[in-house]
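Below is one structure, written out as C-alpha cells; comments come after it.
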Amino acid sequence: MMNPAAQVVRRHWWALLVRGILAILFGIIALADPGIALLAFIYVFAAYAILDGIMAIVVSLQERSFLRAWWVLLLEGILGIIFGILAF
C-alpha cells in the first residue's frame, strides 16, 4: 500500500511542476536584467505566493481525508495569499 502523502503528490504532480517553472522564471528575471530585478522579484513573488496559496487551499480541502494535518496546509495557503497581497 502506498503512503497517503505519496498518493497526494502523485495526483497533484502538476502543482509541483508549476512551482518549479515559477521558480525558474524568478531566477531568469534576476539574471536577465539586474537593474529591475528587485521590482521583478516583488511582482513575481507576489504572484507566486498568491497562486501557491490558492493551490495549497484547494489541495488541503480536497485531501482532508488523506492528510491528518490538512489544516496546516490550509493555513499555509491563507498566509501565502495574505503575503502575496501585501507584496503587491
Side-chain angles (χ1 to χ4, degrees):
M1 180 159 184
M2 187 178 287
N3 181 352
Q7 289 176 349
V8 171
V9 171
R10 180 179 252 184
R11 273 197 304 259
H12 300 286
W13 62 269
W14 57 269
L16 294 174
L17 178 66
V18 169
R19 289 177 86 167
I21 290 170
L22 288 175
I24 290 170
L25 288 174
F26 196 75
I28 290 172
I29 290 170
L31 292 173
D33 195 354
I36 63 165
L38 181 59
L39 184 61
F41 278 145
I42 292 169
Y43 286 144
V44 171
F45 170 76
Y48 175 80
I50 291 171
L51 290 173
D52 187 55
I54 291 169
M55 284 193 290
I57 289 171
V58 168
V59 169
S60 72
L61 295 176
Q62 286 179 344
E63 304 300 333
R64 283 189 305 238
S65 60
F66 287 111
L67 299 175
R68 184 175 283 165
W70 64 270
W71 60 272
V72 175
L73 191 56
L74 179 67
L75 181 62
E76 176 189 338
I78 292 168
L79 290 174
I81 291 172
I82 291 170
F83 286 130
I85 291 170
L86 289 174
F88 269 127

Other ILVMFWY residues reachable from Leu38 by side-chain steps of under 4.5 Å: Ile42
Tyr48-Trp14 co-clustered via ILVMFWY side chain contacts under 4.5 Å: yes
Inter- and intrachain pairs under salt bridge (Lys or Arg N to Asp or Glu O under 4.0 Å), touching residues 35-57, at least two apart: Arg19-Asp52
Salt bridge (Lys or Arg N to Asp or Glu O under 4.0 Å) against Arg11, all qualifying residues, sequence neighbours excluded: Glu63
Listed pairs under 3.5 Å, donor-acceptor, residues 22-31 side chains, sequence neighbours left out:
none

Between side-chain atoms of residues 70-88 and protein atoms elsewhere (two or more places apart, or another chain), which donor-acceptor pairs fall under 3.5 Å?
none

Hydrophobic cluster membership, Met55 vs Ile21, 4.5 Å side-chain cutoff: yes
